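Before any comments, here is the structure.
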Number of protein chains: 2
Amino acid sequence: MKTSLHDTIRADFAARIRAGELAPGDRLPTEAELCEAYGCSRMTVNKALTALAAEGLVERRKRAGTLVAHPRVHAMVLDVPDLAARVRAEGQAYAYELLACSERSPQRGEAGEVALAAGGRLLALDGLHRANGRPLAVEHRLVSLAAVPAMREAALGVEGLGEDGPGTWLLRHIPWTEAETRITAAGATREEAALLGVAAGHACLCIERRTWRGDEAITLVRQVFPGELYDLVARFGP
Amino acid sequence: MKTSLHDTIRADFAARIRAGELAPGDRLPTEAELCEAYGCSRMTVNKALTALAAEGLVERRKRAGTLVAHPRVHAMVLDVPDLAARVRAEGQAYAYELLACSERSPQRGEAGEVALAAGGRLLALDGLHRANGRPLAVEHRLVSLAAVPAMREAALGVEGLGEDGPGTWLLRHIPWTEAETRITAAGATREEAALLGVAAGHACLCIERRTWRGDEAITLVRQVFPGELYDLVARFGP
DNA sequence: CAGTGGTCTAGACCACTGA
DNA sequence: CAGTGGTCTAGACCACTGA
């Protein structure tokens, strides 16, 4: 696999910036100078520098040139893999246990539920995720039947949702295009504590995710993990 | 501000994919067909499709063409703003209180500390973040004096670190290029609980971040927030 | 107002790969 | 093996903006 010239140029400067050889605010050579240096056309150099700008390593300004960007603290990449996949990646057996399943209307005054339902009804699914048989997380999920009518049959019917639970089923059938995830800590409620096998008030990581497909809300899910059993990792860098 | 043609093409297809009009696995027109449709050269079309691929909305394969990608669950963008900035953005007064500051060698057997020190010594800074005077987070920080010798004088000297604490000082003086953040939940220790004004064992959100500048480790910081006072938000989508 | 990057053209050759 | 995208060229015109 031969690397392309534009990627070589991009990687050259990415390395020099990350090594600190080029400091924030420093100016890179102009496109014309780089054409000369690398013996290539301006489009090739432009592609390399545009890619560096997209990575956030440089900032490009007309007349002023291409400057090494000041690092941004925001915009780290958060890995949020499918729970079943993550458990199995660690060599453990994964299982989802459906505890309760009911169809209902959104609760009045619950703005999140009303917006999710979009005038239709909701499917409420409570379940428990297990790793090697041990409880890993309690999950409360609401699914919009307006957006995913097929879910009623899947959850209540003979066929079922499969071993991996409603999250994986939804991913396979109705992939989302937008998502928002909120992460916080909270003490386990008595009910959650009983299911997880911890004391009430035990420090838990709470992950709440809403997903959409275009404008249409699909699902709202809240997962509660005992803090010592789960963590999330975010990275910024190469 | 006139939008460029390649961005118009990119936005056209991004909208159609997000609306669900084009489903995962569907094939986009070939570059040649798009040249015809938009009356432009292939480079322009190529730029638009390459950008869509970088966004993760399409996958490009030779011979097979450009296909709408199956959504990925990973790779959400996590906002990790400067704590001082985030508190002020909510209209509250921010303050950092330095509780303890000492210079020491890394503890033997603590692999993280030894790697951070890189043969040199460490500065240990304990502090409390406040929002409107109320404790928001306890912070334990280690800084590599090999990487940031100026920090000794800044922290121990007359000048001090400024109102915003060592995190903001470091950002201004030694911007990082790589970072790893680990997020979990844990019960407050007795010491943490006393500082935060909560009960011991109270559910707290723990954020642990390591930063590097190129190959050089800069700092390792652990922040502990009462769960009800702080949450993190990650987004995927437009 | 001169230098910079942004965009675009109309070609070209090629590697890859699935019909 | 034909069609696809990947890459690259050698130009061009232009908008923007900071010296």
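In the text below, chain A, chain B and the rest are named by the order of the sequence lines, each starting its count at 1. Owing to the predicted nature of the structure, the values given are computational and were not obtained by experimental measurement.
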CD (A:E36) with more than 12 external heavy atoms under 6.0 Å = no

Would you mind reading off the distance between A:E59 atom CD and D:dG18 atom P, rounded to a whole angstrom?
->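 For the pair A:E59 CD and D:dG18 P, the rounded distance is 11 Å.
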
Write down the distance between CG (A:L67) and P (D:dA19), rounded to a whole number of angstrom.
->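 The distance from CG of A:L67 to P of D:dA19 comes to 10 Å, rounded to the nearest Å.
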
Please step through salt bridge (Lys or Arg N to Asp or Glu O under 4.0 Å) for the pair B:R16 and B:D26, ending with a clear verdict.
-> CA-CA 11 Å; B:R16 293 175 63 187; B:D26 282 1; over 6 Å; no

Answer yes or no: is there a donor N or O on one side and an acceptor on the other, between the side chain of A:E33 and the main chain of A:T30, under 3.5 Å?
-> yes

Return yes if some donor-acceptor pair links the side-chain N/O of A:T184 with the main-chain N/O of A:C206 below 3.5 Å, else return no.
-> no

Check whether any side-chain heavy atom of B:Y38 sits under 4.5 Å from a side-chain heavy atom of B:D12, and report yes or no.
->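 B:Y38 vs B:D12: side chains touch.
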
Under a 4.0 Å heavy-atom criterion, the protein footprint on nucleotides 5-11 of chain C, written with B, S and -, is BBBBBB-

Describe, in one word, how the ring planes of A:Y94 and A:H129 are oriented to each other, choosing from parallel (under 30°), tilted (30 to 60°) and perpendicular (over 60°).
-> tilted

Between A:T211 and A:A179 the two heavy atoms that sit nearest each other are CG2-CB, 3.9 Å

Charged N to carboxylate O under 4.0 angstrom, B:D231 versus B:R86?
->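 So B:D231 pairs with B:R86 through a salt bridge.
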
Taking a pair as Watson-Crick (N1 to N3 plus N6-O4 or O6-N4) or G-U wobble (N1-O2 and O6-N3), both under 3.5 Å, which stems of 3 or more consecutive pairs involve DNA chain D?
->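 Counting only runs of 3 or more consecutive pairs, the stems involving DNA chain D are C:1-18 with D:1-18.
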
